[in-house]
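What you are looking at is a predicted structure, and each value in this text was computed from that prediction instead of being measured. Lettering follows sequence order; numbering is per chain, from 1.
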Amino acid sequence: MAEKDFFTNVYDVVRLIPSGRVCSYGVIARYLGAARSARMVGWAMNNVHNVEPPVPAHRVVNRLGVLSGKHHFSDPKAMEELLAKEGVEVKDDQVQKFDELFWDPIKELEL
DNA sequence: CGATTGACGTACG
DNA sequence: TCGTACGCCAATC
């Protein structure tokens with residue numbers, strides 16, 4: 001896999017997240033080889049609005065399964081609604097069964 | 001051009 | 001075990 005920009009790499013991984021599944025920034029960063037660059041993953045999401053195809057950022061949450069970036073969407077409730085639409089239970093901006101719905105690229109892709 | 005912030009996470013005390 | 005500090009890189013002020 002040709003190494004592209006860090007952001008592009010993030011978008012690629014996020015797009016690979018299956019429906020009804022969620023992922024965390026740190027895991028993606030670690031998958032890219034930058035375990036401590038989780039912030040860049042979040043920053044990359046900021047560019048998502050200028051990238052195509054659109055990236056399902058609503059499937060990306062923090063390590064705690066909290067919708068940290070829901071406030072950055074067109075509408076704050078859009079994120080939890082999208083997740084709920086895919087079968088992900090969201091309560092109090094928090095993903096339920098996060099451990100079960102968690103999708104780890106390192107575990108799924110590199111396996 | 002320099003300092004601060006930002007959708008996070010890990011390390012250390 | 002909980003709290004605080006730091007790192008990472010880019011964009012914005």
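Counting any heavy atom pair closer than 4.0 Å across all strands shown, A/F7 reaches sugar-phosphate atoms only and no base atom.
Partners of A/K85 under the side chain to side chain contact (heavy atoms under 4.5 Å, CB included) rule, at least two apart in sequence or in another chain, do not exist in this structure. With sequence neighbours excluded, the residues satisfying ring pair (Phe, Tyr, Trp, His ring centres under 6.0 Å) with A/F102 are A/F98. Under the side chain to side chain contact (heavy atoms under 4.5 Å, CB included) criterion, A/E86 pairs with A/S19, A/H58, A/R59, not counting sequence neighbours. A/V48 pairs by the side chain to side chain contact (heavy atoms under 4.5 Å, CB included) definition with A/Y11, A/M45, A/V55, not counting sequence neighbours.
For the pair A/L109 and A/W103, the tightest heavy-atom approach, listed with the atom from each and the gap, is CD1-CH2, 4.1 Å. Minimum interatomic distance between A/L101 and A/Q96 (heavy atoms only, all atoms of both residues): CD1-O, 3.4 Å.
Of the possible donor and acceptor atoms, one in the side chain of A/N62 sits under 3.5 Å from a partner among the backbone N and O of A/G65.
To the nearest 0.5 Å, the span separating CD on A/Q94 from CG on A/L67 amounts to 9.5 Å. Between the CG atom of A/L32 and the CZ atom of A/F7 there is a distance of 11.5 Å, given to the nearest 0.5 Å. Atom CZ of residue A/R63 and atom OG of residue A/S68 lie 12.5 Å apart, to the nearest 0.5 angstrom. How far CG of A/D93 is from NZ of A/K77: 13.5 Å, rounded to the nearest 0.5 Å.
Looking at residues 35-47 of chain A, you'll see A/R36, A/S37, A/R39, A/M40, A/W43 sit with a heavy atom under 4.0 Å from some atom of DNA chain C. A heavy-atom distance below 4.0 Å to DNA chain B is reached by these residues of residues 22-29 of chain A, ordered by number: A/S24, A/Y25, A/G26. Applying a 4.0 Å cut-off to non-hydrogen atoms, none of the residues of residues 80-99 of chain A approaches DNA chain B. Against DNA chain B, the stretch residues 65-78 of chain A makes heavy-atom approaches under 4.0 Å through A/S68, A/G69, A/H72, A/F73.
A/V66 belongs to a hydrophobic cluster with A/L64, counting contacts under 4.5 Å between side-chain heavy atoms of Ile, Leu, Val, Met, Phe, Trp and Tyr, direct or through other members.
Residue pairs that meet the ring-ring contact (aromatic ring centres under 6.0 Å, His included) test with at least one member in residues 69-95 of chain A, sequence neighbours left out, do not exist here. Among residue pairs with one or both ends in residues 42-58 of chain A, none qualify as salt bridge (charged side-chain N to carboxylate O under 4.0 Å, His left out); sequence neighbours excluded.
Close approach of DNA chain C to chain A, defined as any atom under 4.0 Å from a non-hydrogen atom of the protein, starts and stops at C/dG7 to C/dA11.
Under the side chain to side chain contact (heavy atoms under 4.5 Å, CB included) test applied with A/V10, the options A/V60, A/N47, A/I28, A/V51 reduce to a single match, A/I28.
Between the P atom of B/dA11 and the CZ atom of A/R63 lies a distance of 12 Å, rounded to the nearest Å.
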